[in-house]
Amino acid sequence: MNNILLMNKIAKIGTDRLERELYTCGADVESPVGIMVRSAKLHDMTFNPELLAIARAGAGVNNIPVARCAEEGIVVFNTPGANANGVKELAICAMLLASRDIIGGVNWARSLAGTADVAKQVEAGKAKFAGSELRGKTLGVIGLGAIGGLVANAAVKLGMTVVGCDPYLSVAGAWNLDHHIVKAATYEEVYAAADYITLHVPATEKTTGMINAQTIASMKKGVKIINLARAELVNAADLAVALESGAVSAYVTDFPTEETVAMPQVVVIPHLGGSTEEAEENCALMAADELDEYIRYGNIQNSVNYPAATLPVSAASRVCVLHANVPAVLANISSVMAKDGINIENLLNKSKGENAYTILEVNDPVTEKVERDIAALEGVRRVRTIRFS
């Protein structure tokens, strides 16, 4: 039985799917071969030697030491698109909250409890909470992936002009976009055109602090910014200055920080983007399937640190090798197999940046010596043999 460590509460539909197979899931299991996690931070965690994979039930993986995992031969998965609809719906809500002081109006109406002529007071005081409509405005979408694409398409249906930019947009992603969406070549084009800007990119070295004094200066005065991606994308000090001057008229975020919760003009949402029953179940199911497929068959799909590599089983065993993407590793692995008299029936080799993965299907017995010889090769990080018969 394989142990799966749960670092957060994971929707039961996902853990049930694993436990129907060959796994025991729990928060206190020992020597896990897999980890399922949502928001728990793993950077300071020491991983046991048996750990093969970590599945993040969500898209962002900034709580996981992805590079260290690659070095230790641990595959890190995420679940792109599983919570996309939930975040899309919250993004539409966020734009409405940025357009009209709905929260202020609700709080004011509740403050009238116990007073006379409430209806009359409401009619007299509602004007200070008036706002504007989305229809006819321009939405700038930074990142047109699983979530950003859905937001862009929905905004078109709301009557908005949509300008989006995504340097890494896939062909499949582009096909899913409404043809009315204008594809900008740079973020600067989006900043200059938009009345509203919504962020849908991961927090990386390049994107951290991308919304700052300089970029805000290139935007329309009074722009409204929606950030349901990561707090780090926005420089909080520069945002505070922009809100005070009116350069930014509204900021809605799903990632409250010590700085933003103290800003009265900011609407802070307690990270509810993927917190729907449907999204949590979708994420749990996808994460469970990713772990199972890799642990039982060695297939990789939706990994953030190793390449996608899927091969139908067609031999008695498969040797799975995680290694650095450097010259001669594949040739050296093949040489070890040949030296030990093992014929390779089928082979798949894929790379992703500095990391690579090789699956070798064989019908000859694979001994511990073969595994040790491959593991000793320069650049090899992990070797395991999966036997099917």
- Query: Can a donor-acceptor pair be found between the side chains of S99 and Y196 at a distance below 3.5 Å?
  - Reply: yes
- Item | Side-chain donor-acceptor contact under 3.5 Å, T215 with S218 | no
- Would one find more than 12 heavy atoms of other residues, nucleotides or ligands at under 6.0 Å from atom CD of Q214? no
- Item | Lys/Arg-Asp/Glu bridge criterion (N-O < 4.0 Å) met for D195, K224 | no
- Message: Tell me if the NZ atom of K41 is crowded by more than 12 foreign heavy atoms within 6.0 Å.
- Response: no
- Between N227 and R230, is there a donor-acceptor pair closer than 3.5 Å when you use the side chain of the first and the backbone of the second? yes
- Message: Would you say S314 and E345 are linked by a side-chain donor-acceptor pair, where the criterion is simply a distance under 3.5 Å?
- Response: no
- Task: Please determine, by modelled atom types, if E290 and N302 share a side-chain donor-acceptor pair under 3.5 angstrom.
- Result: yes
- side-chain contact (heavy atoms from CB on, under 4.5 Å) with A240: which residues, sequence neighbours excluded? M263
- Query: Okay, side chain of N305, backbone of V76: is any donor-acceptor separation there less than 3.5 Å?
  - Reply: yes
- Message: Salt bridge or not between E72 and R381? Use side-chain N to carboxylate O under 4.0 Å.
- Response: no
- Item | Electrostatic pair K126:E123 at N-O distance under 4.0 angstrom | yes
- K220 atom NZ, neighbour heavy-atom count above 12 within 6.0 Å: yes
- Basic-acidic side-chain contact under 4.0 Å: E280, R38: yes
- Is it true that atom CZ of R387 has more than 12 heavy atoms of other residues, nucleotides or ligands lying nearer than 6.0 Å? yes
- Query: Got a sec: does the CD of E133 have more than 12 other heavy atoms crowding it under 6.0 Å?
  - Reply: no
- For Q301 and N299, test the side chains for any donor-to-acceptor distance below 3.5 angstrom and give the result as yes or no. no
- Task: Can you see which heavy atom on A309 is nearest to which on I359, and at what distance?
- Result: O-CD1, 4.3 Å
- Message: A quick test of your reading: do over 12 heavy atoms of other residues, nucleotides or ligands sit less than 6.0 Å from NZ of K128?
- Response: yes
- Task: For the pair D373 and K369, find out whether any cationic side-chain nitrogen is under 4.0 Å from an anionic carboxylate oxygen.
- Result: yes
